[in-house]
*Asks:* 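Please find one structure pasted underneath; my questions will follow.
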Protein chains: 2
Amino acid sequence: MASHGARGRSGGRPTLEEVAARAGVGRGTVSRVINGSPRVSDATRAAVEAAVAELGYVPNTAARALAANRTDAIALVVPEPETRFFAEPYFSDMLKGVGAELSETEMQLLLIFAGSDRERRRLAQYLAAHRVDGVLLVSVHADDPLPDLLAQLEIPAVISGPRSAAETLTSVDSDNYGGARQAVEHLLSRGRREIAHITGRLDVYGAQRRVDGYRDALRDAGRTVDERLIEPGDFTEEGGRRAMAALLERRPDLDAVFAGSDVMAAGARQVLREAGLRIPDDVALVGYDDSAIARHMEPPLTSVRQPIEEMGRRMIDLLLEEIADRRPAVSRGLERRQVVLATELEERASS
Amino acid sequence: MASHGARGRSGGRPTLEEVAARAGVGRGTVSRVINGSPRVSDATRAAVEAAVAELGYVPNTAARALAANRTDAIALVVPEPETRFFAEPYFSDMLKGVGAELSETEMQLLLIFAGSDRERRRLAQYLAAHRVDGVLLVSVHADDPLPDLLAQLEIPAVISGPRSAAETLTSVDSDNYGGARQAVEHLLSRGRREIAHITGRLDVYGAQRRVDGYRDALRDAGRTVDERLIEPGDFTEEGGRRAMAALLERRPDLDAVFAGSDVMAAGARQVLREAGLRIPDDVALVGYDDSAIARHMEPPLTSVRQPIEEMGRRMIDLLLEEIADRRPAVSRGLERRQVVLATELEERASS
DNA sequence: AGGTACTGTGGGAGCGCTCCCACAAGTGAT
DNA sequence: ATCACTTGTGGGAGCGCTCCCACAGTACCT
């Protein structure tokens, strides 16, 4: 060991073995103490803990990962370019919840962007190397192959918006259907009669659900749904403008708009203004997300709030469970787990 | 191997040894091919590569890390709460540059927030465990102990804004001094006489340098510096408002303001408006950072642009060098390395 | 012919853990 | 006193790599 020896000299980091020697116990016992096993007497535990403190021992994660076949790290994968990630408060809130919940544990969170093809390939490589114990997936489109890759690699994963009603991954979502109903029912209760809806990208399941909620709310109130009052958007401001213009063209008599996102509502607002329509006097406007945009809009925008931080927290809970379950190659629980959290309507001056 | 055997069965991931068997060579040879050593014949290399492809071999990072004492990962440490990180485009741009440069390599980037005390402790633990080969530090205050911890642990690190003129870590910075001079000289050339300066937090070295640049630019133009025209801010909008109010109180005759950040300029603008002063007619305004705020302000804000993406790229270059240098326990290069990149003034309607 | 050098290769040893078997010692029922 | 557990402990084997030594083979000098 001529060569390796030099590296391992006493200047380096202490090892389990050294701690064991110092505490006058065996290697296994130190390992048990480090990992919080209950099968250690109080006296021994104290001795080991003292030795750990004196030596400043910190476990070598690589060795642990190799021996135990786990990494104590999970990845938050964002299949979007960095720019969008930063632009949308959604991610930031999600990260807050995730971080908060994770700080209770020893797990490390990695943030991985997979917007470009190149980044995608790197990610695939990364996952194939099993460098994380589990994955949190946010903002995944219906045709994204990532979830299948994860399933194939048998990596525990939780997705933040299910891709469809038949989502196979464990998922956490807010109640898009209920949120849309809240918005529409609110407008109805304010006496609005002709309520339009600017949808999000319809390849996003949540956007579809919002349309469903919009339809059912009207129906349940005894109204027929006029398809000319539904216009697809794409979650962007420009899309909101286009949709609003189309709606005004078709149904200039509309008196309310429920937009599938605050950003689209901002676009719609511009077009309404340019058409000389006052908000909320002529047209009431309701958004979705309750983002900073909503609060700062002129007039402040009524919006459906999703409990995004809470969603982040629940995702971590579920993921940690999955990881723990999988460890002893236990019978895969066959029940799909889908958590849906309630939304809340934040009423402001725009409606 | 009764127990471990079950886990390692052929359903699992292939190992180096299996690839070697398949290619009909030894373990060492496969390792050489994987790591791109030139000491392999072309025929052998081809055989190994074929085996790797057939088996879908992916190196086990934990084993590699354990044997080679490296992790192939670096951390971007942000000593701020997540919220600030997302609020400021600075970070997003920096991350873009870092990501771009890193995508050329095999290195993995981890994003670590260390805003709270708790997160701080976790980070210290993380670094002590040597879970990364190097660290990128952004936005560090003068009294932050993190750089010293890094030095003590002998972890290569590059800092994005030196803490002082005597910074010991390798650093990358934009020319704060020169940028401030550009701003002030621009205002002078526009015929402004009474130019005020709202500073950033003065425990940030860059903010100090901007004050220096402001002073020297005036002096070199043959003016005396009126200390009543300098008011400390704290990089926030509210701070900008307070500072502007104080300045107007003391020197109502001022005809230009150079703010140490766009956000503070936005705050200053509000106060100027409320005081009935027109921009740029009565008071010219210049910011710093050239962020989105500057472009969207009414009127658009003249601002000093820092090449943040480029800074990110340079930081990675320097860090990778340091990591490579350190590997063979080579003589630590004693020269401090400090890269300073030029700024550019983006002239808009506010000045 | 012998020496010296280099190239390519195989495989032992070791990285620092976890897992589990073995076993000593204690506890209580028979 | 015997058996059957339980509790606490030590340490061997093994995780999948990298590093390096040893050595076969070839090439080029004396």
Side-chain angles (χ1 to χ4, degrees), chain A residues 1-9 12-21 23-48 52 55 57-72 106 129-131 327-329, chain B residues 1-9 12-21 23-48 52 55 57-72 128-131 327-329:
Chain A
M1 68 164 283
S3 55
H4 279 81
R7 195 215 290 149
R9 275 290 67 75
R13 303 162 50 194
T15 69
L16 245 204
E17 200 105 31
E18 287 166 36
V19 173
V25 301
R27 197 164 18 79
T29 302
V30 177
S31 176
R32 266 170 294 236
V33 171
I34 299 293
N35 293 291
S37 158
R39 313 202 137 293
V40 181
S41 72
D42 290 347
T44 308
R45 164 168 289 114
V48 170
V52 165
L55 263 37
Y57 171 76
V58 178
N60 179 321
T61 12
R64 175 178 282 174
L66 179 59
N69 203 28
R70 65 197 161 91
T71 64
D72 293 326
E106 293 288 271
H130 284 262
R131 293 187 66 167
R327 284 261 223 264
Chain B
M1 68 165 280
S3 55
H4 281 81
R7 194 215 291 151
R9 274 291 66 75
R13 303 163 50 196
T15 68
L16 246 204
E17 200 104 32
E18 287 166 35
V19 174
V25 301
R27 199 167 15 81
T29 301
V30 177
S31 177
R32 263 165 291 216
V33 172
I34 300 292
N35 293 291
S37 156
R39 314 203 136 294
V40 182
S41 72
D42 290 347
T44 308
R45 164 167 289 113
V48 170
V52 165
L55 263 35
Y57 171 76
V58 177
N60 180 321
T61 10
R64 174 178 283 175
L66 179 58
N69 203 27
R70 64 197 162 91
T71 64
D72 293 326
H130 284 261
R131 293 187 67 167
R327 284 262 223 263

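Throughout, a chain's letter reflects where its sequence line sits, starting with A, and its residues are numbered from 1. Side-chain atoms are counted along with the backbone in the values below, which use heavy atoms only and exclude waters and symmetry mates.
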*Asks:* Does the side chain of B/Ser41 get closer than 4.0 angstrom to OP1 or OP2 of C/dG8 through an N or O atom?
*Replies:* no
*Asks:* Look at the side-chain N and O atoms of B/Arg27 and state whether any lies under 4.0 Å from the OP1 or OP2 oxygen of C/dG11.
*Replies:*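 Result: no.
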*Asks:* Report the nucleotide, chosen from D/dC17, C/dC17, D/dG10, that has the shortest atom-to-atom distance to any side-chain atom of A/Thr29.
*Replies:* D/dG10
*Asks:* Please figure out whether B/Val40 or A/Asn60 has its closest DNA chain C nucleotide nearer the 5' end.
*Replies:*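 Whichever sits nearer the 5' end wins; that is B/Val40.
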*Asks:* Rounded to whole angstroms, how far apart are CG on B/Leu16 and C1' on C/dG12?
*Replies:* 15 Å
*Asks:* Side-chain N or O of B/Ser31 less than 4.0 angstrom from OP1 or OP2 on D/dT18?
*Replies:*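 Checking D/dT18 against B/Ser31, a side-chain N or O does come within under 4.0 Å of OP1 or OP2.
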*Asks:* So what does B/Arg64 hit on the nucleic acid, given a heavy-atom distance under 4.0 Å: a base, only sugar-phosphate, or nothing?
*Replies:*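 Touches sugar-phosphate only.
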*Asks:* Mind listing the closest non-hydrogen atom pair of A/Asp72 and B/Arg131 along with its distance?
*Replies:*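 For A/Asp72 and B/Arg131, the tightest heavy-atom pair comes out as O-NH2, 4.1 Å.
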*Asks:* Measure the CZ-CD distance between A/Arg27 and A/Glu18 for me, rounded to the nearest 0.5 Å.
*Replies:* 13.0 Å
*Asks:* Do A/Val25 and A/Val30 come within less than 4.5 Å of each other through their side chains, counting heavy atoms only?
*Replies:*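 In contact.
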*Asks:* CZ of A/Arg45 versus P of D/dT7: gap in Å, rounded?
*Replies:* 14 Å
*Asks:* What is the distance, to the nearest angstrom, from the CZ atom on A/Arg39 to the P atom on D/dT6?
*Replies:*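 So the CZ-P distance, A/Arg39 to D/dT6, works out to 9 Å.
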*Asks:* Send over the distance from A/Asn69 CG to D/dA13 P, rounded to a whole Å.
*Replies:* 22 Å
*Asks:* Evaluate the side-chain proximity of B/Arg64 to B/Leu16: yes if any heavy-atom separation is below 4.5 Å, no if none is.
*Replies:*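 With C-beta onward as the side chain, the pair stays apart.
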*Asks:* What is the minimum heavy-atom distance between A/Val40 and A/Arg45, and which atoms define it?
*Replies:* O-NH1, 3.6 Å
*Asks:* B/Leu66 has an atom CG; how far is it from atom P of D/dG14, in whole Å?
*Replies:*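 One finds 17 Å between P of D/dG14 and CG of B/Leu66, rounded.
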*Asks:* Looking at A/Asn35, I'd like to know whether one of its side-chain N or O atoms comes within less than 4.0 Å of OP1 or OP2 on C/dT18.
*Replies:*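 Looking at the OP1 and OP2 atoms of C/dT18, one of them is under 4.0 Å from a side-chain N or O of A/Asn35.
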*Asks:* Rounded to the nearest angstrom, tell me the gap between atom CZ in B/Arg32 and atom P in C/dG10.
*Replies:* 8 Å
*Asks:* Expressed in angstrom and rounded to an integer, what is the separation of B/Glu17 atom CD from C/dG11 atom P?
*Replies:*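 Roughly 9 Å, once rounded to whole Å.
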